[in-house]
Amino acid sequence: MSPVSVAYANLLSSTLGEGKGTDPARLEGDLATRFRDAHSQVEARIEKGEMGFVRLPGDEAMRRGVQEVADSFGQWFETLVVVGIGGSSLGARAVTDALLGPHWNEDSDEDREHYPRLHFMENPDPGSVSDLLARVDPRRTLFNIVSKSGSTAETMAQLLVVEHFLRERLEEEQVRGHFLFTTDPETGVLRRMAELRGIPTLAVPPAVGGRFSVLSPVGLLPAAVTGVDTAGLLRGAAEVESLCRNPVLKENPAGILATLLHAADVEEGRRIHVLMPYHDRLRSLALWFQQLWGESLGKARGVDGAPTETGPTPLPALGAVDQHSLLQLFMEGPPDKVILFLRVGGRDNPVAIPSLHGEEPALSYLGGHTLDGLLEAERRATAEALRRIGRPSAVVEVERLDARALGGLLMLFQMATVFAGALYGVDPLDQPGVEAGKTLTYGLLGRDGYDVPSLEPEDAGGYRFPLAAASEPSRNP
Ligand code: PA5
């Protein structure tokens, strides 16, 4: 049985009512044809080797290589710090948050079965960086520097800060033993440094881009070091990947998601796609999806080179917390959203709600239920309330939150993203808009080969409150 399922009745007009959602007959008509075309474009790119993420679940040699590195480091270090940003951290965080839970670093060594503690250094925020470095023991900490390009300023700056931190506290010859680099197999400064200094490395396969790298060494190493079942992760991904190679729309879960979300956007103006897990451990998965969907589909040019302004806006949310924050907007604000609920079927510890205070009606009805049951009732009620006013939603569901199910979810969303790219007519694998910002940053910080850009002052024309004194020149950074 598939590790993930997709219930999409609430995206269809048969459920939402006349004029809302997609006519189900189209799933075997024009949408089936539209998807078949998108599917064949994706297949052609897979065939050409451009979509390397599809091949990762079957790469047992890669997984075993990562596991060996993880095992060799795991016994020496009590803390792993992953230094990376964007696709170089969000996937690993999604996996480890889902499978280790929120209290991993506070758990005793016995409870962690002596696997290392795990931290992410993602944003070069000086407060976060210094706070973390002040808390780790440099003698027992491994820093995994993750950058496919080896040039991302945030990650390179943090590498330098970490190296300085280690040099001040360890013997010179010990420093390199506290680094592992995960980077391009051939190019970039990390690769060069590793070769010069004998630092161990893991390779990000060339045709695997940052936001599609969660099942490569980028996501697998932190998972393996902390004892996550990486074989299960890849098994679940492989199962879903094989379902997603099917050109028949109704038999392809990622195809269904991509096709109905695309139709909801371009035909009905439902351009905000909310991913709303009802499970705290999946909050990071929603953040990972936000990057995947947003960076892959938000494009100014189509694959034909013609200008476009394409891209649904992904919005992560958390049930039931955001029922008390965003639901009012989802129910009564502009009808421009589709809600994808993410549901886990069962939990090891559903937590019974005790039957106390039978005399208080506001409490007594809860007794005898479970907290898990309460969350599911909230989710069902929310979906139904949306349906009754013709607002679309769908449910992506896994039976249990284990490695196999998580691998399935990761593959489902990656495949849906590349199908959506084909449907929108954009390249889901590039990110020229991100590169533009990176180039300006390099120039501003004086990197060789990059012009110092002249920047418009942000208070140009006196548009600042309070107004700066007339004699005070506005400052460029
Ligand atoms: O998806 C992407 O390509 C980006 O989000 C990158 O992962 C991010 O910019 C970090 O790049 P790098 O891994 O080269 O440091």
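As the structure lists them, so they are numbered: ligands from 1, and atoms in each ligand from 1.
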- [ ] May I ask you to check whether Asp265 and Tyr424 show a side-chain donor-acceptor distance below 3.5 Å?
- [x] yes
Open item on the list: Under a plain distance cut-off of 3.5 Å, with no hydrogens placed, do Asn144 and Thr182 share a side-chain donor-acceptor pair?
Closed with: yes
- [ ] List the closest protein heavy-atom neighbour of atom 14 (O) of ligand 1: residue, atom name, distance to the nearest 0.1 Å.
- [x] Ser149 OG, 2.6 Å
Open item on the list: Here's one to test your reading of the geometry: is the NZ or CZ of Arg140 within 45 degrees of the ring axis of Phe77 and under 6.0 Å from its centre?
Closed with: no
- [ ] Show which atoms of ligand 1 fall inside a sub-4.0 Å distance from at least one heavy-atom site of Lys148.
- [x] 12 (P), 13 (O), 14 (O)
Task: Contact check, Lys438 vs ligand 1, heavy-atom distance below 4.0 Å - done: yes
Task: Side chain proximity check, Tyr278 to Leu318, heavy atoms < 4.5 angstrom - done: no
Task: atom 5 (O) of ligand 1 [closest protein heavy-atom partner, distance rounded to 0.1 Å] - done: Gln291 NE2, 2.5 Å
- [ ] Report, in ascending order of atom number, the atoms of ligand 1 lying under 4.0 Å from any heavy atom of Gln431.
- [x] 3 (O)
Task: Distance-only polar pair, side chains of Thr141 and Glu78, donor-acceptor under 3.5 Å - done: no
- [ ] Return the residue, atom name and 0.1 Å-rounded distance of the protein heavy atom closest to atom 7 (O) of ligand 1.
- [x] Gly87 N, 3.0 Å
Open item on the list: Looking at Arg404 and Glu239, is there a salt bridge between them, counting it only when a charged N and a carboxylate O are closer than 4.0 Å?
Closed with: yes
Task: Which residue and heavy atom of the protein sit nearest atom 8 (C) of ligand 1, plus the separation - done: Ile85 O, 3.7 Å
Task: Nearest protein heavy atom with distance in Å, relative to atom 12 (P) of ligand 1 - done: Thr152 OG1, 3.3 Å
Open item on the list: How far is atom 1 (O) of ligand 1 from the closest protein heavy atom, and which atom is that?
Closed with: Arg211 N, 2.9 Å
Task: Presence of salt bridge, Asp137 and Arg139, under 4.0 angstrom - done: yes
Open item on the list: Checking the N or O distance criterion of under 3.5 Å, is ligand 1 in contact with Glu295?
Closed with: yes
TODO: For atom 13 (O) of ligand 1, grab the closest protein heavy atom and report residue, atom and distance to one decimal in Å.
DONE: Ser88 OG, 2.6 Å
Open item on the list: Quick test of your reading of the model: are Lys299 and Asp430 salt-bridged, counting only N-O distances below 4.0 Å?
Closed with: yes
TODO: Within a distance under 4.0 Å of any heavy atom of Gly210, pick out the atoms of ligand 1 and give their elements.
DONE: 1 (O), 2 (C), 3 (O), 7 (O)
Open item on the list: Out of all atoms in ligand 1, which are within 4.0 Å of some heavy atom of Ser147? Include the element for each.
Closed with: 12 (P), 13 (O), 14 (O), 15 (O)
Open item on the list: For ligand 1, which is the ligand I care about here, please tell me if Val434 has any N or O atom under 3.5 Å from one of the ligand's N or O atoms.
Closed with: no
Task: salt_bridge(Glu241, Arg235) N-O dist < 4.0 Å - done: no
